[in-house]
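Heads up, the thing below is written out as structure tokens.
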Amino acid sequence: MMGISNAQKSAYNILTSVLGQAITIILGVVIPRLVLVNLGSENNGLLSSITQVLGYASLLEAGVGLASLQALYKPVAEHDEASVNAIMSATNLYYRRTGIAYLLTVIILSAIYPVIIKSSLPYGTITIVVLISGLPGVVNYYFQGKYKILLQAEGRTYIITNLATVIGILTSIGKILLLLLGFGVIAVQSLYLALSLVQMIYIDYYIRKNYAWIDLTAAPAYDKLSQRNSVLAHQLSGTIFSSTDAVTLSIFCGLSVVSVYSMYALLFGMVGTLLSNLAGSITFVLGQELGINQKKYGKLQDSFELVYISLSFSLFFIAYTYILPFLKIYTAGITDINYIDRALSVLFVVIALLENSRLSSAKAIHVAGHFKQTQWHAWVEMAINIIVSLIGVLAWGIYGVLIGTIAALLFRANAMIIYANKKVLHRSPWKTYRRWLVNLALFIAVTVLSKPLFAHIALDTYPRIILWAAITSVVVIPLFFVVASMFDRETYRYAKTLVTPYLKQARDKLKGRSRTHD
């Protein structure tokens, strides 16, 4: 396995990502429902808001992870073990400092968070839940973060994905049993902490077995991580997007409103996570190719962008179509707050499209290492998000917070597209804008044209929703890809040349097996 090609690594990454995400989705939708029914909207909002708050603590990493990943691409591609060890040594030292600082931050947060939020839950409960929820992060930074970075640079994301899937399954099953048996939120979070320790032990074992040459005592190459402070601006902005909404709502509107927010964020976020994992499955190829062949990299980037944007719009169309029918069943019997809101579904799908469809441009910036040049984009985005959200929450509550996120995303998405095309790919940004406009026009057209059809379909049970979502996927995903390819035939033809040999190889293997059985 250690000698497999980049194409095979990408295939493994994509396959494990899709399977892992499918399992995560199935189990992930069960637990919030049980929390709502057994513990109420406040506890569900508490768990969601704590996750967001701890996102701020993760900023202590100060960009080391992404800076290390970008620095590792070239030496990994060239099999330069000495350089890899020097970078890993520096990364290890930074992560150890981060682990200690993270622990102190979690302790401080556990003391002050119960004071600043609107909640009727006991102070002690919130404090303990924050502590337990934060400790897995301490474990990650102090012990295993550096190894995950190495595996990503090597293209072995599937190792992390497989492990995360197994741990996720065990955690979900355990949480379900605990909730059904009447245990509270503290016990539920304690299980996640215990399994995080198991994950740490396995990653350490895998690295020792397969990367015996890794030497963390090598002279650290701090200069290779010189961009970590520039990366911080980008990570800070990302953390603002993933946490500001829930934190603002918990302070100004209460945990029950956070619970409503978390339901929409959960369902759209599952699609976003799937897309992000798929992108991460092949990012190492882009990163390694950029340092070797600029022309080929440009063609690979185009192929990736064509497929990724089309897939984003098609999947979020499906999510938007079925989220309200699903929530009507999912939240049936929950009377402490209303979860069904068409305006929220519209705002969330706009956010999802802006955030995920810009990812191809973000990847170009990241693999090129242009963190310092674009950090002002992140600061402006962050300022827009905070200012508009704070004004909006006072005027329109949850809608105002989402409008703040959309305003910031509109700025950053355009900034990313323009910069990535002009400075990294050395061309006009019109190519990317055209892909956006084609998919957006199709999204609107399919939404309008399908509305009368769905008005006559009863989506009142889970099996019906699953069946119709599957039918919609079979029709809509190819439709978006075909239409996008019609407007970008050159990129389509190149992408086809990349895929065809592997499809032929797969067909030949199937034919060989068939003959053997005959």
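Quantities reported herein were computed from a predicted structural model and do not represent experimental measurements.
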Considering only heavy atoms from C-beta outward, does the side chain of [X] approach that of [Y] to under 4.5 Å?
X      : Y      : result
Ile159 : Leu163 : no
Ser360 : Phe304 : yes
Ser68  : Lys146 : no
Leu327 : Tyr264 : yes
Tyr433 : Asn421 : no
Phe348 : Tyr320 : no
Ile214 : Val84  : yes
Gln144 : Asp204 : no

Could you go through Leu266 and Tyr261, starting from their C-alpha distance and side-chain angles, then the distance that decides it, and tell me whether this counts as side chain to side chain contact (heavy atoms under 4.5 Å, CB included)?
CA-CA 8 Å; Leu266 170 70; Tyr261 173 92; over 6 Å; no

Can you find a side-chain donor-acceptor pair between [X] and [Y] that sits under 3.5 Å?
X      : Y      : result
Tyr419 : His370 : yes
Tyr205 : Asn210 : no
Ser89  : Asp215 : no

Less than 6.0 angstrom separating the ring centers of Tyr95 and Tyr102, yes or no?
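For Tyr95 and Tyr102, the ring centres are not under 6.0 Å apart.
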
Check: Phe326 ring centroid to Tyr462 ring centroid under 6.0 Å
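Distance test on ring centres: under 6.0 Å, yes.
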
Could you measure the distance from the [atom1] atom of [X] to the [atom2] atom of [Y]? Nearest 0.5 Å is fine.
X      : Y      : atom1 : atom2 : result
Ile465 : Ile323 : CD1   : CD1   : 11.0 Å
Gln373 : Ile365 : CD    : CD1   : 9.5 Å
Leu275 : Tyr308 : CG    : OH    : 4.5 Å
Gln152 : Glu154 : CD    : CD    : 12.0 Å
Ile207 : Leu150 : CD1   : CG    : 5.5 Å
Thr432 : Ile418 : OG1   : CD1   : 10.5 Å

Yes or no on side chain to side chain contact (heavy atoms under 4.5 Å, CB included) for Phe481 and Leu311, after CA distance, side-chain angles and deciding distance?
CA-CA 7 Å; Phe481 180 69; Leu311 190 60; over 6 Å; no

Quick one: closest heavy-atom pair of [X] and [Y], and the distance?
X      : Y      : result
Leu216 : Met88  : CD2-O, 3.8 Å
Ala364 : Val424 : O-CG1, 3.7 Å
Leu344 : Leu402 : CD2-CD1, 3.6 Å
Leu72  : Ala153 : CB-CB, 3.7 Å
Leu354 : Ala413 : O-CB, 4.4 Å
Ser473 : Pro478 : O-CD, 3.6 Å

Please verify the inter-ring angle class for Phe480 with Phe313; under 30° counts as parallel, over 60° as perpendicular, anything in between as tilted.
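Rings of Phe480 and Phe313: parallel, as their planes differ by under 30°.
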
Parallel, tilted or perpendicular: which fits the ring planes of Phe454 and Tyr322, with parallel below 30° and perpendicular above 60°?
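Correct class here is perpendicular.
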
Taking side-chain hydrogen bond (donor to acceptor under 3.5 Å, both in side chains) as the criterion, tell me which of Gln301, Arg435, Lys431 meets it with Thr491.
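Considering Gln301, Arg435, Lys431, a side-chain hydrogen bond (donor to acceptor under 3.5 Å, both in side chains) with Thr491 is found only for Arg435.
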
Ionic contact status for Asp302 with Arg427, cut-off 4.0 Å
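A salt bridge is present here (some side-chain N lies under 4.0 Å from a carboxylate O).
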
Would a distance-only check, ignoring hydrogens and angles, find a side-chain to backbone donor-acceptor pair under 3.5 Å from Ser310 to Val307?
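No; judged by distance alone, with no hydrogens or angles, the pair does not exist.
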
Where the side chain of Ser345 meets the backbone of Arg342, is there a donor-acceptor pair that is under 3.5 Å apart?
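Answer holds: yes.
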
Can you list the steps and then say if Asn92 with Tyr147 is a side-chain hydrogen bond (donor to acceptor under 3.5 Å, both in side chains)?
CA-CA 9 Å; Asn92 176 51; Tyr147 295 137; over 6 Å; no

Where do His377 and Thr374 land on the side chain to side chain contact (heavy atoms under 4.5 Å, CB included) test, with the steps shown first?
CA-CA 5 Å; His377 298 166; Thr374 57; 3.7 Å; yes

Considering residues, nucleotides and ligands other than Arg208, do more than 12 of their heavy atoms fall under 6.0 Å from its CZ?
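Not buried by this count: 12 neighbours or fewer within 6.0 Å.
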
Step-by-step side chain to side chain contact (heavy atoms under 4.5 Å, CB included) determination, Trp213 to Asn85
CA-CA 8 Å; Trp213 52 269; Asn85 276 326; 4.1 Å; yes

Looking at Phe411, is Arg358 sitting on its ring face, NZ or CZ under 6.0 Å from the six-membered ring centre and within 45 degrees of the normal?
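No cation-pi geometry.
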
